[in-house]
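In what follows, a single structure is set out as structure tokens and then discussed.
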Amino acid sequence: MSELNIGLARRTHAWDLPPKDAIQLQEQLRTRVISSSLADESIQYVAGIDVGFPRNREIAHAAIVLLKYPSMELVDQGLAELPVSMPYVPGLLSFREIPVILAALEEITLTPDLLITDSQGIAHPRRFGLACHLGVLLDMPAIGCAKSILVGKHSTLRKMRGSTADLVDNGETIGSVVRTRDGVKPVYISIGHRVDLTSAVRIILNCGSGYRLPEPTRWAHKLASKKS
DNA sequence: GCGACAG
DNA sequence: ATCTTGTCGC
């Protein structure tokens with residue numbers, strides 16, 4: 001059983017809130033986000049997290065893969081399914097996906113040192129994306145690694161792997177655009193919790209180079225979209 | 001009023 | 001997110 005206090009996280013607040021209430025909660029919880037450097041030496045296991053919606057999208061499937069860092073060796077995994085509690089609303093994704101993610105986290109045996117979610121962290125209208133929400137509730141380092149932008153703009157990016165550009169919104173740097181593979185569309189990295197942008201970018205680039213998505217996200221996505 | 005809009 | 005075949009490129 002995981003040492004994460006998942007029960008506490010799940011009971012922190014309701015998950016089927018009206019948009020107005022969900023937004024108010026985000027404004028309240030955003031003050032808890034911590035930005036601090038995260039050393040490679042403090043990371044033994046990294047969790048890749050993703051959610052999929054089979055059939056008519058009435059049921060959500062979550063997948064957790066635990067990989068050794070930085071070797072990216074698969075050491076554990078967890079799966080869970082749960083009826084969806086809310087529709088998809090841009091900016092309120094966490095309320096729809098975190099319940100099933102918590103259920104999947106209960107299925108893993110080892111305790112992760114870092115969570116990587118297929119979502120935004122502070123690169124969010126209210127600076128409180130899914131990665132922040134999950135990280136804060138579990139009080140665990142978390143990084144948002146998204147495939148597209150929710151808010152913010154950036155300059156053109158060089159074509160080589162490792163190139164980066166600031167993601168800016170209202171004059172504020174909210175994330176980093178990172179080329180994880182030569183000539184391929186970049187990913188969008190932002191702070192979730194207990195990590196800073198520099199550490200987050202370094203860690204993501206240490207999580208594989210053969211594909212656009214870092215290994216944890218790639219493995220989790222494959223597992224979540226696969227039916228059983 | 002008209003787009004934009006993580007997954 | 002999900003529905004889907006072929007096809008361009010290394």
OP1, OP2 of B/dG7 versus side-chain N and O of A/Lys147: anything below 4.0 Å? yes

Would you say the ring centers of A/Phe95 and A/His13 fall short of 6.0 Å from each other? yes

Between the main-chain N or O of A/Thr173 and the side-chain N or O of A/Asp166, is there a donor-acceptor pair closer than 3.5 Å? no

Please classify the nucleic acid contact of A/Ile101 as base, sugar-phosphate, or nothing, using heavy-atom distances under 4.0 Å. nothing

Does A/Ser148 place a side-chain N or O at less than 4.0 Å from the phosphate oxygens OP1/OP2 of B/dC5? no

Name the nucleic acid region contacted by A/His221, choosing base, sugar-phosphate or nothing; use a 4.0 angstrom heavy-atom cut-off, strictly under. sugar-phosphate

Rounded to whole angstrom units, what separation is found between the CG atom of A/Asp182 and the P atom of C/dC10? 13 Å

Any sub-3.5 Å donor-acceptor pair from A/Lys147's side-chain atoms to A/Lys185's backbone N or O? no

Does B/dA6 have A/Tyr188 stacked on its base, where the ring centres are within less than 5.5 Å and the planes differ by under 30°? no

Whole angstrom value for the distance that separates C1' of B/dG7 from CE of A/Met86: 13 Å

Interatomic distance, A/Ile98 CD1 vs B/dG7 C1' [rounded to whole Å]: 13 Å

Over how many whole Å does the gap from A/Glu58 atom CD to C/dT2 atom P extend? 14 Å

Among C/dT2, B/dC5, B/dG7, which is the nearest nucleotide to the side chain of A/Leu150? B/dC5

Hydrogens and angles aside, do A/Tyr211 and A/Arg218 bring a side-chain donor and acceptor to less than 3.5 Å of each other? yes

Mind checking A/Gly52 for me? I need base, sugar-phosphate or nothing, with any heavy atom below 4.0 Å counting as a touch. sugar-phosphate

A/Lys222 atom NZ: more than 12 heavy-atom contacts under 6.0 Å: no

What is the distance from CZ of A/Arg212 to P of C/dC10, rounded to the nearest Å? 19 Å

In whole Å, I'd like the distance from the CD1 atom of A/Ile59 to the P atom of C/dA1. 18 Å

Could you tell me whether A/Phe53 contacts a base, only the sugar-phosphate backbone, or nothing, with contacts defined as non-hydrogen atoms closer than 4.0 Å? sugar-phosphate

Roughly, in whole Å, what's the span from CG in A/Leu167 to P in B/dA6? 13 Å

Rounding to an integer number of Å, can you tell me how far A/Arg96 CZ sits from B/dG7 P? 13 Å

Compare the minimum distances between each of B/dA6, B/dG7, C/dA1 and the side chain of A/Arg57, then state the nucleotide with the smallest one. C/dA1

